[in-house]
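These notes are about the structure you will find just below.
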2 protein chains.
Amino acid sequence: MTTASDRRTAILESAARVIARRGVRGLRVEELAAEAGVSTALIYYHFKDRAGVLRRTLEFINDRAERYTTGGEPGAEPQESPKPREPLEPLEPRQELERALLLELQDDELVRENSTAWGELRASAVFEPDLRHDLAKASLTWVQAVADLLGQVQPMAPAGTLALAAERLTALLEGLSMRWLSGILPLAHARALMREAIAVELERLEHP
Amino acid sequence: MTTASDRRTAILESAARVIARRGVRGLRVEELAAEAGVSTALIYYHFKDRAGVLRRTLEFINDRAERYTTGGEPGAEPQESPKPREPLEPLEPRQELERALLLELQDDELVRENSTAWGELRASAVFEPDLRHDLAKASLTWVQAVADLLGQVQPMAPAGTLALAAERLTALLEGLSMRWLSGILPLAHARALMREAIAVELERLEHP
DNA sequence: GTCTATATCAGGATAGAC
DNA sequence: GTCTATCCTGATATAGAC
């Protein structure tokens, strides 16, 4: 049985796919409807207008990324049970850090989808102030998470220093991700650069 | 007297402005025409179609950035004489490096315009393979320039290492630039992060 | 809640005069 | 080379039946 709420979710999943394929600018309500197997009217019914779709999709992607980045707190709905993804056994802090940062640089379909959509939304936010709020919030959470991981590797480092390193690493990740997605940097190379950057930053934290 | 070639250039300048204001997705041929003070038909006459405008604008921005990044080789046309911009007296290598990398993080109108348009084109390239070629070329030149500057500061470092550091620094710059332009990172903070990253990389090059 | 059908309109593109 | 006028497609959004 397919409830209305399921349908909403299905539409959002489709939206993420379409955005990953065509970009925010390329998202056509009609194509989205086709992808989700519903009529365009239904989309307007649920999301008011095209902008509404974008806003909701941003939130949706945000949640989903948070889940797979952190290893999915049991707090959230257990939906999407099909793919448990990586076992995520507790790792050494250092490995945990690498995993988190390299997660966005993978050729996994879902990850690529998220990264692409994410990059698009980030880029769109330059011109659409409506998106900034969510974007800033997500960005902050993400930086904080990385700062925490850095802190676990280098417990002696002061919080401020950790935060700065985290900002650099996440900004770098975004830059690399963009280059990868736009095809000017091979994935493996991007990953190597990221790993090296982590090493550089950790060294810096150790010998200030 | 206004030659046809001048007009072409004027249109491209306008295009850069419009892209900076509305984004690539937001560029309307009609608005561009208004901005440049010409008819839409003329734009199609000169650039074939909207995509043509984008391609040419990318090149245009590319050249312009190259000029102000490198301090303007006399090789290029001396056009645009009005603004000599910063005197650009020869600096210490280290300062030269900082200047080059921080140049994109400035609230100068022209720089902001270039950065924004650049970010847009980069983002667009994810979905429009036509743009990738120019993008890759520009990216390469830019990375190479930074690698050279790094080499001037640390002449003992091997070329490969320099290249990697340059890739990280430029990718970071792009990430920071995006965050700045989308309003989630204050300019001053972005600049501070960039400076620190330069310091970290240089240290790394010195004590491998 | 969901669909079919359609109104509406913005914006890319062209014809043809000058 | 440049303009005025106009065509026409493609995309958002709504009306109304079920």
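Computation of the quantities below employed the complete heavy-atom set of this structure, encompassing side-chain atoms and omitting hydrogens, waters and symmetry-equivalent molecules. The chains referred to below are lettered A, B, ... by the order of the sequence lines, with proteins before strands, and numbering in each begins at 1.
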**Asked** Could you walk me through whether B:Gln144 and B:Asp148 pass the side chain to side chain donor-acceptor pair (under 3.5 Å) check?
**Response** CA-CA 6 Å; B:Gln144 190 51 52; B:Asp148 288 350; 3.0 Å; yes
**Item:** Atom-pair distance (CD on A:Glu31; P on D:dA11), nearest Å
**Value:** 9 Å
**Prompt:** What is the per-nucleotide protein-contact pattern of nucleotides 13-18 of chain D, from the 5' end, where B denotes a base atom under 4.0 Å from a protein heavy atom, S denotes such proximity for sugar-phosphate atoms only, and - denotes neither?
**Reply:** BBB---
**Message:** Give me the atom names and distance for the closest heavy-atom approach of A:Leu103 to A:Val111.
**Reply:** O-CG1, 3.2 Å
**Request:** Give a yes or no answer on whether the side chain of A:Thr116 reaches the backbone of A:Arg112 with a donor-acceptor pair at less than 3.5 Å.
**Result:** yes
**Request:** May I ask you to check if A:Arg8 and A:Phe47 form a cation-pi contact, with NZ or CZ under 6.0 angstrom from the six-membered ring centre and within 45° of the axis?
**Result:** yes
**Message:** Please report the distance, rounded to the nearest Å, between CZ in B:Arg8 and C1' in D:dT2.
**Reply:** 15 Å
**Request:** Select base, sugar-phosphate, or nothing to describe what B:Leu27 touches, counting heavy atoms under 4.0 Å on all strands.
**Result:** sugar-phosphate
**Prompt:** Could you give the CD1-to-P distance, from A:Ile43 to C:dG1, as a whole number of Å?
**Reply:** 16 Å
**Asked** For A:Leu42 and C:dC3, what is the distance between atoms CG and P respectively, to the nearest whole Å?
**Response** 5 Å
**Prompt:** Rounding to a whole Å, what distance do you find between B:Asp6:CG and D:dT2:P?
**Reply:** 10 Å
**Asked** Between atom OH in A:Tyr45 and atom P in C:dG1, what is the gap in whole Å?
**Response** 5 Å
**Item:** Nearest atoms (heavy-atom pairs only) where A:Ala166 meets A:Ala147
**Value:** CB-N, 3.6 Å
**Asked** B:Glu30 has an atom CD; how far is it from atom P of D:dA5, in whole Å?
**Response** 13 Å
**Message:** Output the rounded distance in Å from NE2 (B:His46) to P (C:dT14).
**Reply:** 16 Å
**Asked** Hey, is A:Arg17 close enough to A:Glu13 for a salt bridge, meaning N to O under 4.0 Å?
**Response** no
